[in-house]
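Worksheet: the structure to be examined is printed underneath.
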Amino acid sequence: MTSPVRVRFCPSPTGSPHVGLVRTALFNWAFARHHGGQIVFRMEDTDRERSTQESYDAILELWRWLGLDWDEGIEVGGPHGPYRQSERGAVYRDVLARLRASSYTYDCFCTTEEVDARRKASGSKMQGYDGFCRDLTDEQRAAFEAEGRSPVVRFRMPDGSITWHDLVRGDITFETENVPDYALSRANGDPLYTLVNPVDDALMQITHVLRGEDLLSSTPRQLALFEALVELGIAEQVPAYGHLPYVMGQGNKKLSKRDPEAHALAYREQGFLPEGLLNYLALLGWSIAGDRDVFSMAEMVEAFDIADVNPNPARFDLKKAEAINASQMRLLPLDEVTHRVLPFLKEAGVVGDPVSDADAQLLELAMPLVAERINKLTEAATMLDFLFVDEADFARHEEIDEAGRDVVKAAHDALSAVETWSTAAIDEALRAALIDGLGLKPRVAFGPVRIAVTGRKVSPPLFESMELLGRDRSLARLHDAMSG
RNA sequence: GCCCCCGUCGUCUAGCGGCCUAGGACGUCGCCCUCUCACGGCGGUAACGCCGGUUCAAAUCCGGUCGGGGGUACCA
């Protein structure tokens, strides 16, 4: 009988949330949901210097936007709280005391400088702690204490080797002689990540730890600690580990927080859909099938198998992310696209907030023209502003040359005679006057007209746009453009 | 230095011994559609790092090598 799956999100609220963090969360989420398991959300804010409320809030906002829900933890509570490590000091002190009373750890009085000096003197190639304080006598301890030194609590790595079956990489073995004893707490008593992360996983009964590749080499330490926690009755079981590949930026470097592409919330601002971002991120290390890369999260949950995750580092490709986002956009019903576009139109000042009834109606008519041709929600604003702008504020963003002005005049004259202002009638009148009458190529004919009416070279379909704009405004803009 | 991870088109990947003269997607190039853009359609480009071994048969298994990455903290 296997125990129910329990995974965790455990971000540190330092800085703007990174797409790699989101990818890790997504895989945890998909894994848990696939297995009908639970997700615990805990905030690892032990680093007082770097943790900020802004970052904390940004992470929660991001998770909600993406729809990565959780069952226990931050904001929802649960039986293993509190879920902010900054509020769990008593828990760590207690565990540390029990560890310290056992032989799994020892007090270490060395300073970093002393360890370095010894290594230099001995010519040793080992980089970590040298085990100097492993077997201190009571007298030696007393002597150090008499000097006013306070110890860090150091974990005593066992002899032999440590092997685990990594969920994404298979069996991995470390000889513990290559894994130096490590500190669990600072000399001032503050617990370190090396302690709090495994301890919380233990107390929160996490069964599967899916995390970044950067933590792979600390796994032997955590496994050894976990064995001790199990022995001491603090942990029930040792979780399974899986190490997810890096998300890289340009070149061969990990996508760093300094890269603009790294900031997950920036994608929302750019007009990405959560469906699009998630779908793209899922592709970084996983695929649903050999001939398919657009899918819903429900489909991902259904198909996700951690063993299928590719261990190779993946480069973040903005172009492909946008293409996937565009595909997801096309999957949405029109009124949903409208709904999602609206905040961006308000933000850009294209429509008011709240939207007037007239604008809402116009938008409903205009959206069919733009929904199919935008890849990101932000693009709707530049495509639609000509329709909503006050006439006095209408501006042409492109030049119309001399020849173009003649075309515009011909268009104006032809359109003035149109009886019913409809797309078909406009189409007919313009073609008769410009293509047949002036013998122009369509491209040459409609380009200047488009600029006159919409202000841009790129716009929704011209005739439909003019119908929506209305006869008076269309003719007025054409007239205005005739004189340059 | 030592330890660990990784190695298929430019990029993300499919492939888990024969279906591979290696498939899809993004990108890119050409063409078609076309009032712009976008969509859509068609076609092209382009990869198993290298060397050995196992096998009737290897992108797939093993070893080595080269290359890339990470770790080696009283950071997380």
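Just so it is clear: chains get the letters A, B, ... in the order the sequence lines come, proteins before strands, and each one is counted from 1. Just so it is clear, the model here is predicted, and its values are computed rather than measured. Computed over heavy atoms, backbone and side chain alike; hydrogens, waters and symmetry mates excluded.
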Which part of the nucleic acid, if any, lies within contact of A:P313, taking any heavy atom under 4.0 Å across all strands shown: a base, the sugar-phosphate backbone alone, or nothing? sugar-phosphate

Of the nucleotides B:rC6, B:rA76, B:rG69, which has the atom closest to the A:E44 side chain? B:rA76

B:rC74, B:rA14, B:rG27: which one has an atom nearest the side-chain heavy atoms of A:R186? B:rC74

Touch check for A:S459, heavy atoms < 4.0 angstrom, all strands: base, sugar-phosphate only, or nothing? base

Out of B:rC35, B:rC26, B:rA76, whichever nucleotide has its closest atom nearest the side chain of A:R431: B:rC35

Of the nucleotides B:rA76, B:rG40, B:rC37, which has the atom closest to the A:R330 side chain? B:rG40

What about A:R373: does its side chain form a donor-acceptor pair under 3.5 Å with the base of B:rU36? yes

Atom CG of A:D159: over 12 foreign heavy atoms under 6.0 Å: no

Quick check for you: among B:rA76, B:rG27, B:rC3, whose closest atom lies nearest to any side-chain atom of A:F174? B:rC3

For B:rG7, the Watson-Crick or wobble partner whose two distances fall under 3.5 Å: B:rC66

Regarding A:D166, tell me which of base, sugar-phosphate or nothing describes its non-hydrogen contacts under 4.0 Å with the strands shown. nothing

Interatomic distance, A:N325 CG vs B:rC26 P [rounded to whole Å]: 14 Å

Only pairs with both distances under 3.5 Å count, Watson-Crick or wobble alike; so what is the partner of B:rC2 in this structure? B:rG71

Proximity to the side chain of A:D317 - top-ranked nucleotide from B:rA76, B:rU36, B:rU11: B:rU11

Could you let me know what B:rC61 is paired to, Watson-Crick or G-U wobble, both distances under 3.5 Å, or none if it's on its own? B:rG53

A:A183 side chain: which of B:rC74, B:rC37, B:rA76 is closest? B:rC74

Can you tell me the base-pairing partner of B:rC39? Count Watson-Crick or G-U wobble geometry only, both distances below 3.5 Å, and say none if there is no partner. none

So which one's nearest nucleotide on RNA chain B is more toward 5', A:D308 or A:I324? A:D308

Of the candidate nucleotides B:rA25, B:rC37, B:rG69, which contains the atom at the shortest distance from the side chain of A:D293? B:rA25

Within this structure, what is the OH-to-P distance between A:Y182 and B:rC75, rounded to whole angstrom? 14 Å

Mind checking who B:rA22 pairs with, Watson-Crick or G-U wobble, both distances under 3.5 Å? none

A:A314 has a side chain; which of B:rU36, B:rU13, B:rC6 sits nearest to it? B:rU13

Measure from CD on A:E322 to C1' on B:rA38 and round the result to the nearest Å. 14 Å

Going by the angle between their ring planes, with limits at 30° and 60°, are A:Y267 and A:F316 parallel, tilted or perpendicular? tilted

Shortest side-chain distance from A:A323, nucleotide among B:rA76, B:rC26, B:rC5: B:rC26

